[in-house]
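As the structure lists them, so they are numbered: ligands from 1, and atoms in each ligand from 1.
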Amino acid sequence: MFKKIFAPAAPVQKEESIQPQLKAVPRHIAVIMDGNGRWAKERGKPRTFGHRAGGQNLKTILRCCARLGVEALTAYAFSTENWKRPLTEVDFIMELFASYLDSEVAELDANNVQLRFSGDRSRLAPSLQKKMAAAEASLAHNTGIVLNLAVNYGGRAEIIRAAQKLAAQVKAGELRPEEIDEARFEAELYTAGLPAPDLLIRTGGDLRVSNFLLWQIAYAELWTTQVYWPDFTPQLLEEALLAYQKRDRRYGGLNTKP
Ligand code: FPP
């Protein structure tokens with residue numbers, strides 16, 4: 001399946017189709033994969049059914065992003081707040097995550113995908129932590145798209161962690177407080193080395209950022225849809241990218257022509 005999407009794109013028919021070589025493709029896309037539970041409920045199935053479908057869909061969207069030349073895809077798989085859900089659901093998502101690592105690493109490798117994680121791993125099961133470290137290491141030589149999975153991730157917690165790391169460096173006499181700037185701060189975030197997300201996509205209809213990449217999305221373009229994550233198709237990704245390509249990104253400045 002990967003091969004199909006990695007093959008050269010079919011000749012573009014529609015005037016508005018995405019033309020990666022000609023128009024701005026986001027370097028980094030972040031996705032809040034919301035609506036799995038409601039998608040399942042509408043089908044009379046347990047919420048876990050929706051998470052399974054959501055995990056499958058992430059693979060589809062990753063393939064599309066890779067084909068389009070996107071450098072990084074960050075997906076919100078589990079937030080620091082998701083521990084509040086029923087234990088059975090939490091356990092299911094963790095199992096899904098572990099089995100994703102078991103079953104997908106070879107294919108990710110065959111397609112030159114790099115794998116990273118954002119979030120506090122210390123609360124995850126030791127066996128899962130081991131799988132994550134092994135998967136990361138076995139894909140570390142790749143040079144293609146970065147799949148960054150946010151697991152036990154919270155934006156505020158990430159910022160506090162970065163502040164603590166910098167404070168420790170100051171305390172150790174390695175850094176002066178006045179030397180702390182945006183670059184040094186970013187270097188202590190989980191996403192160090194990745195470009196900031198250009199586009200944040202949220203499915204499922206809610207209009208909030210839910211503690212996701214709070215520092216990194218400062219200038220991201222936001223795009224939302226009512227569609228639930230398992231139904232977020234490559235066509236909808238294309239719609240989001242076409243909308244993105246029409247945005248006037250001013251970064252607080254003026255894009256007036258002389
Ligand atoms: C939000 O939908 C989704 C989650 C909290 C979990 C996302 C997890 C996956 C897509 C699968 C696991 C990931 C991998 C990498 C295998 P929701 O449950 O909040 O849906 P709702 O808003 O309809 O209740």
Side-chain angles (χ1 to χ4, degrees), residues 1-2 29-66 72-109 111 113-121 123-125 127-129 131-136 139 145-155 157 190 200-213 224-233 236-237:
M1 258 172 72
F2 240 119
I29 298 178
V31 282
I32 300 178
M33 309 181 286
D34 202 11
N36 293 341
R38 283 167 285 167
W39 182 88
K41 201 173 167 208
E42 277 187 2
R43 285 157 181 77
K45 304 273 190 192
R47 294 174 54 79
T48 49
F49 183 75
H51 293 315
R52 191 183 294 286
Q56 286 299 323
N57 201 37
L58 180 59
K59 292 196 263 176
T60 304
I61 297 304
L62 173 67
R63 286 194 295 270
C64 293
C65 288
L73 175 67
T74 294
Y76 210 177
F78 193 86
S79 77
T80 45
E81 288 70 40
N82 286 153
W83 295 107
K84 296 178 203 155
R85 295 187 177 206
L87 189 60
T88 48
E89 182 170 341
V90 170
D91 284 348
F92 184 89
I93 294 175
M94 293 298 160
E95 286 291 320
L96 194 62
F97 185 42
S99 73
Y100 180 85
L101 295 179
D102 285 338
S103 63
E104 298 306 316
V105 166
E107 195 171 357
L108 294 175
D109 196 20
N111 289 285
V113 177
Q114 305 177 64
L115 182 64
R116 287 178 64 154
F117 302 103
S118 288
D120 177 7
R121 303 180 195 199
R123 197 171 163 189
L124 306 177
S127 59
L128 181 55
Q129 292 184 41
K131 273 188 210 291
M132 290 163 75
E136 238 173 353
L139 302 177
I145 189 169
V146 176
L147 171 61
N148 179 33
L149 293 175
V151 183
N152 194 22
Y153 175 84
Y190 294 117
L200 171 63
I201 294 175
R202 180 170 190 143
T203 59
D206 285 326
L207 300 175
R208 51 178 172 259
V209 290
S210 299
N211 203 15
F212 191 38
L213 302 174
T224 62
T225 173
Q226 296 289 329
V227 168
Y228 299 142
W229 173 253
D231 283 338
F232 183 74
T233 56
L236 277 170
L237 176 67

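- With sequence neighbours left out, the side-chain hydrogen bond (donor to acceptor under 3.5 Å, both in side chains) criterion links Ser79 to Asn82.
- Among the candidates Ile201, Leu200, Leu213, the single residue satisfying the side chain to side chain contact (heavy atoms under 4.5 Å, CB included) test with Ile32 is Leu200.
- Ligand-side atoms of ligand 1 in range of Leu96: 11 (C), 12 (C), range being under 4.0 angstrom from any heavy atom.
- The shortest N or O to N or O distance between Ile93 and ligand 1 is not below 3.5 Å.
- Of the protein's non-hydrogen atoms, Asn36 ND2, 3.9 Å is the one closest to atom 9 (C) of ligand 1.
- The shortest heavy-atom distance from Gly204 to ligand 1 is not under 4.0 Å.
- At under 3.5 Å, not a single nitrogen or oxygen of Trp39, backbone or side chain, sits near a nitrogen or oxygen of ligand 1.
- Thr203 places a side-chain N or O within donor-acceptor distance of the main-chain N or O of Asp34, the cut-off being under 3.5 Å.
- Looking at Asn57, Leu96, Asn36 one by one, the single match for side chain to side chain contact (heavy atoms under 4.5 Å, CB included) with Arg52 turns out to be Leu96.
- The shortest N/O to N/O separation between Trp229 and ligand 1 does not fall below 3.5 Å.
- There is no protein heavy atom closer than 4.0 angstrom to atom 14 (C) of ligand 1.
- Distance check: Ser210 OG to Tyr153 OH gives 12.0 Å after rounding to the nearest 0.5 Å.
- Within the 3.5 Å criterion, the main-chain N or O of Val105 finds no donor-acceptor partner in the side chain of Asp109.
- By heavy-atom distance, the residue among His51, Met94, Glu81, Lys41 lying nearest atom 4 (C) of ligand 1 is His51.
- No more than 12 heavy atoms of other residues, nucleotides or ligands shown are found within 6.0 angstrom of CD on Glu95.
- Looking only at protein heavy atoms, the nearest one to atom 1 (C) of ligand 1 is Met33 O, 3.2 Å.
- Using a 4.0 Å cut-off to heavy atoms of Leu58, the atoms of ligand 1 that qualify are 15 (C).
- Among all non-hydrogen protein atoms, the one lying nearest atom 8 (C) of ligand 1 is Ala77 O, 3.5 Å.
- Taking all heavy atoms of Glu89, Arg85, Arg38 into account, the minimum distance to atom 18 (O) of ligand 1 is reached by Arg85.
- Going from atom CG of Leu236 over to atom SG of Cys64 covers 11.0 Å, rounded to the nearest 0.5 Å.
- Close N/O approach between Tyr100 and ligand 1 is not found [any backbone or side-chain N/O within under 3.5 Å].
- The protein atom (non-hydrogen) at minimum distance from atom 5 (C) of ligand 1 is Asn82 OD1, 3.5 Å.
- Considering backbone and side-chain atoms together, Tyr76 places no N or O closer than 3.5 Å to any N or O of ligand 1.
- Here Asp231 does not pair with Arg38 in a salt bridge; the nearest charged N to carboxylate O distance is not below 4.0 Å.
- Ranking protein heavy atoms by distance to atom 20 (O) of ligand 1, first place goes to Gly37 N, 3.0 Å.
- Side-chain contact between Tyr190 and Asp120 is present, with at least one heavy-atom pair separated by less than 4.5 Å.
- What sits closest to atom 24 (O) of ligand 1 on the protein, heavy atoms only, is Arg47 NH1, 2.9 Å.
- Asn211 places a side-chain N or O within 3.5 Å of a backbone atom of Gly155 that can act as its donor or acceptor partner.
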